[in-house]
Amino acid sequence: MTDETAAMAEGGNSARLLALHRLMRRIRAFEETAVAAHAAGEIPGPLHVSIGQEAVAAGVCLNLRRDDRITSTHRGHGHALAKGAGVAGMMAELHGRAGGHCGGKGGSMHIADFTAGMLGANGVVAGGIPIAVGAAQGLRLLGSDAVVACFFGDGAINRGPFLEGLNWAALFRLPVLFVCEDNGVAAFTRAESTTAGPGAAARAEALGVPAEAVDGNDAAAVDAAAGRLLVAVRAGSGPRLLHARTTRASGHTSTDAAAWRTAEEVAASRARDPLSALEASMLRQGVAAEALAAVRAEAEAEMGHAREAARAAPWPDPASAWEDVQDSGAEIAA
Amino acid sequence: MTDETAAMAEGGNSARLLALHRLMRRIRAFEETAVAAHAAGEIPGPLHVSIGQEAVAAGVCLNLRRDDRITSTHRGHGHALAKGAGVAGMMAELHGRAGGHCGGKGGSMHIADFTAGMLGANGVVAGGIPIAVGAAQGLRLLGSDAVVACFFGDGAINRGPFLEGLNWAALFRLPVLFVCEDNGVAAFTRAESTTAGPGAAARAEALGVPAEAVDGNDAAAVDAAAGRLLVAVRAGSGPRLLHARTTRASGHTSTDAAAWRTAEEVAASRARDPLSALEASMLRQGVAAEALAAVRAEAEAEMGHAREAARAAPWPDPASAWEDVQDSGAEIAA
Amino acid sequence: MPEVTLVEATRLALVQEMRRDPRVWALGEDVARGGLFGQYRGVLEEFGEARAVSTPISESTIMGAGLGAALVGTRPVIEMRIFDFTLCAMDELANQIAKIRYMTGGQARPALVVRMPHGMWRSSAAQHSQTLEAWFAHLPGVVVVAPATPADAAGLLVAAIRSDDPVLVFEPKDLWHSVGPVPDVIEPLPFGSARRVREGGDLTLVVWSALVPAAERAAAALAERGMGVDLLDLRSLWPWDEDAVCASVARTGRLLVAQEAVTTAGFGAEVAARMVERLGPGRVRAVRRLGFPRVPVPFAPPLEAALRVTPERIVEAAEAMVRG
Amino acid sequence: MPEVTLVEATRLALVQEMRRDPRVWALGEDVARGGLFGQYRGVLEEFGEARAVSTPISESTIMGAGLGAALVGTRPVIEMRIFDFTLCAMDELANQIAKIRYMTGGQARPALVVRMPHGMWRSSAAQHSQTLEAWFAHLPGVVVVAPATPADAAGLLVAAIRSDDPVLVFEPKDLWHSVGPVPDVIEPLPFGSARRVREGGDLTLVVWSALVPAAERAAAALAERGMGVDLLDLRSLWPWDEDAVCASVARTGRLLVAQEAVTTAGFGAEVAARMVERLGPGRVRAVRRLGFPRVPVPFAPPLEAALRVTPERIVEAAEAMVRG
Ligand SMILES: Cc1ncc(C[n+]2csc(CCOP(=O)(O)OP(=O)(O)O)c2C)c(N)n1
Ligand SMILES: Cc1ncc(C[n+]2csc(CCOP(=O)(O)OP(=O)(O)O)c2C)c(N)n1
Ligand SMILES: [Mg+2]
Ligand SMILES: [Mg+2]
């Protein structure tokens, strides 16, 4: 049991733990369902899942309001679900079916639900960073007190937009929480072999963005840290960065075996599974095993139904490929 | 008299001071001549001069070998001269005349002299950073022990390539000396209003590049600091960054009055003139005023002749506009 | 109508729209100081620093932040200073801005403007003189405009600011200081409508942006020699006024496209190919493009001049087409 | 000759050249792990980590460092993983690499190769499927190749590595696993020479890259219907084999260009415009381009399929041109 989890339980915050747990179970179930559907040939395209990283999405987004915004990555299902994106629309989108949030035009890598403040996954590493800072600047101009959470991986901190975006956010004191979801690996290459210096938090500080590190596999700790940082962000103190160390349980995509990892690494990553840890701690606090199992079953059923619905949905009308490009000149696009 | 200058003089290093002085006088004379030629309508295009910043170019480059390389900026005359680029070719190039190093195709913003290891000024802020790290990587692959000095302004540290290039150089332990020539202003906007956090040196450290700050208007101090850092770089300890605070004496281009600066700022910048400071210190050490004046006169004469020669040189053959593009397909380029 | 410079015309257009709509704002390097060319003079003073934002030299973020700000409902005017620096922000422009509406199935409406002064101007050399507008005609998801007169620059900028599409505005640096009438109230000028600069029956001459004045001079010279040039200024490249060009070529039978850009794979190729496709080769007597050779822009004035598409070159090409 | 996949053909070509010339090396994400598609399999093991360099996700620097390394005399092969990420490195490619030889008056010789797997492939959607090779035909200073067979991919990669020009290699992701013969010793294939895939007298069909197999199928189907297609695979877009296309069109009188790219301002426009210019409209009976509508690439398979230029669409267009 971590300090944070204990503190939460003591503080009568077991409802919070239950919320975290439910959310993480739903993310896990969504992605396991998607992996199965992909393996069955029902989901096309590359599928990047965040299994093993659910605590970050859940812990951060539980601290966000519906009118807050997030930007995400190629590995964005968890962020989207945690921000409240509709499951049916997400699952249909992954399947490329009508009824998908993006009408089948985006797929997993471009999942978005603007009604939930989810401004989009992104096929470009670090692509969401400038968008997030601009969204925050725009919100302020509009007089809104909403904030933006910007998720990116450890690989993204080696791309230029990381520097530019953080400097910019600090300069204009924008309400952005940057979340570096550090799973220690970018595609097939270990982070330590591509990242010099002390890492994301130090880089942020050097750019004028106060940073905090957290165990990204401890949901309660992420929740608490994100909550603290978001108080500052919301109060107008400018941006903050949360550096969450976590674990990518499997390969880069759902079909990548990541065979280059040592057996110890795989075992170590399994042992750090954030859902097992959370459940173990909840059990120790007296939550009934049946209750946890029920949440899991419910989540799996929800996602199973979503998969069935997606599978049953029609394909998008081929003519729709010509739509949603732009208003001007649309009539002569062919 | 700075500590460094005194130490140099005491260490019998007055030859070094004379070399610094001569070089700085030549840079100053070159640029004053160019400004006059530009004002007379003889040099076309924008002209960015480094008057007030000569100590950085001189102090760094005096520590470089001929087979070392440099990359430079839009404000690159000083770097080029200090690295040993030919004066006649430079002046002709600024004039857009035949005999210019770049055949009149580059002009001030693209001045280069590969025979002197000067790989080019650059019209894009931070454009030289990736080139410098690659040059260092290439040199190592070839088994050379040459190093690369990479000059850029304070404005460049807000562009992505700064982060990418420093991380890269640190990761591969490349022999690069990064030189941030911090004149406190980028075009018409003050650095403090565009740069968050503690600045270039802190950013470098966070990227794994050890950094040192120096008074960029103290030639001997720059020389000493660059020398120290280059020992490490040459020894294979990886990249270093030198943060040199300096002063841009005039506007962004030779025709920009920089009218937004306060009178105090202008006066303060004048008072920090690196050439006056160096000469005052040399005088105090017993160098004869006549000797200094002779160096100046010689430098001015050299540049005056270069200007005359450039003015007398023919324009490049218009047909040469079709040349130097690429080998393949050149015959059908028209 | 007052006569103003092109740069002032765009300033008036911007100010008018910023007064009309508080969601409109501008960001870019030195914008709060009036911009590199004075296009933003007085904007800081009137609208404050939240709406006249001088940014760091961070092109990726200038572009990408503009997009983010559009996604939450503001209407940013993104200033790129010189077109060539847009190349530092191409992921944000081509992968993000141009595609987000499509990728999200229409959820995103990136209503934004990107201003990119382009072209040869006073020996600025290869990295400050490019004209790559053809690239963006080929890129789905964006509107591409390239005006040549103060009135058109103003009207198109108003249209761009009011449009829900991302609109790329290529402003001709070489014509910043050309003068023309601009109405007190600037109406939006619809995209995709060419301007007939001069009527004639012998040859259709298609141009846009900085080349318009040279084409006008050429057309006048040709008129003196008894040759009627139907001169069309496209004003926007996507959408572009296919119908107007087609009607003209159907009449004259001859199409000459002159461009301040490399000929190879330039927009002139699209105009030529499209006309031949639409009319059929049988209805076209001659087709020719004039533009730069496939070389970067050089620095020295005589080298720059060697590349330029001059009135003389246009006259020569037109005469060869009509008499030849 | 052994039959190998296109991906293996390029690997063999690279390894051959790395053995021949110690200045040749490769850099890019995951290169030391064999590359995203296995193009670099075994390269680390044979040549060591100084010549098979896995880099950070820093496209600007991958591209720009490649340039720097070329300037001191090495011959880098720059791996961009997927073409679309090149948009993160456009300053380095278009402002620096393409221009440095010119800007320095010939001092710089950026002898480097940029590999950019491109095109639609297995529902990769808008940010991983682009085909913007036309942009680079319009950009002075670079060679542009786009092979379609294992032998051509190998031969052009060898030529690219040996060339002193910066060579942009667009590799068709969709054909990575197509198989064909590759000689044991791979000779450089000259740039600018088209491959006549099939001879015929009724219509000239011009294609490149991933569309070649579809064009072959279409030509075969048309042959069955008694229509002779002169099928040319351009293989490189700059320089491109104008003469071969011109000779063919002069013979057939009909030009159809099919491209896996947006038609508007695509390279097909250049081919069409140039042929009409060279031959005169009078010697051409019909000109047509086939390509994508001006929309990004969608995700869902039926939407992707709706855009594709299929053998059926080619057949239909060809028939309309010949019979119509
Ligand atoms: C600019 C860019 N370069 C390369 C890629 C290919 N790519 C996709 S995901 C990935 C690894 C990203 O690593 P990280 O940011 O740590 O995220 P993670 O996959 O670990 O969640 C790479 C290289 C890309 N999508 N965008
Ligand atoms: C990428 C890019 N953006 C903008 C410009 C325009 N520009 C030229 S110099 C300059 C200011 C650069 O400031 P700094 O790096 O501090 O160099 P300094 O001029 O002070 O020497 C700007 C904005 C440019 N050349 N390149
Ligand atoms: Mg990672
Ligand atoms: Mg500066």
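Reminder, nothing fancy here: chain letters follow the sequence lines and each chain counts from 1.
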So for D/Val142, is it side chain, backbone, both, or neither that comes closer than 4.5 Å to the heavy atoms of chain B?
backbone
Among the options D/Asp91, D/Val72, D/Thr74, pick out the one with the most heavy-atom pairs lying under 4.5 Å from chain B.
D/Val72
Working to the nearest 0.5 Å, report the span between CG of B/Asp324 and OG1 of D/Thr104.
7.5 Å
Closest non-hydrogen atoms of B/Trp168 and D/Pro56, given as atom of the first, atom of the second and distance, are CE3-CD, 3.9 Å
Under 4.5 Å from a heavy atom of chain D, the part of B/Asn167 involved:
side chain
Polar side-chain atom of D/Tyr102 near backbone of B/Gln326 as donor-acceptor pair, under 3.5 Å
no
Would the number of heavy atoms belonging to other residues, nucleotides or ligands and lying under 6.0 Å from CD of D/Glu46 be above 12?
yes
How long is the gap from CZ on D/Arg101 to NZ on B/Lys105, to the nearest 0.5 Å?
9.5 Å
Reported CG-to-CD1 distance for the pair B/Leu119 and D/Ile100, which is rounded to 0.5 angstrom:
7.0 Å
Could you tell me which non-hydrogen atom of B/Phe172 sits nearest to which non-hydrogen atom of D/Ser54, and how far apart they are?
CZ-O, 3.7 Å
Is it true that a side-chain atom of B/Asp327 and a backbone atom of D/Asp165 form a donor plus acceptor pair closer than 3.5 Å?
no
At a 4.5 Å cut-off on heavy atoms, which part of B/Ile111 comes close to chain D: side chain, backbone, both, or neither?
neither
Indicate the atoms forming the closest heavy-atom contact of B/Gly127 with D/Gln96, along with that distance.
CA-NE2, 3.9 Å
Between B/Glu93, B/Arg69, B/Glu164, which has the largest tally of heavy atom pairs under 4.5 Å with chain D?
B/Glu164
Passes side chain to side chain contact (heavy atoms under 4.5 Å, CB included), B/Cys102 versus D/Gln107? Steps please.
CA-CA 7 Å; B/Cys102 310; D/Gln107 295 180 69; 3.9 Å; yes
Do you know which of D/Pro166, D/Gly64, D/Pro110 has the most heavy-atom pairs with chain B at a distance under 4.5 angstrom?
D/Gly64
Among residues 128-145 of chain B, which ones touch chain D with a heavy-atom distance under 4.5 Å?
B/Pro130, B/Ile131, B/Val133, B/Gly134, B/Ala135, B/Gln137, B/Gly138, B/Leu139, B/Leu141, B/Leu142
Most contact-rich option vs chain B, by heavy-atom pairs under 4.5 angstrom, among D/Ala108, D/Ala70, D/Ala98, D/Gly105, is D/Gly105
Between D/Leu67, D/Ile57, D/Ile62, which residue shows the highest count of heavy-atom pairs closer than 4.5 Å to chain B?
D/Ile62
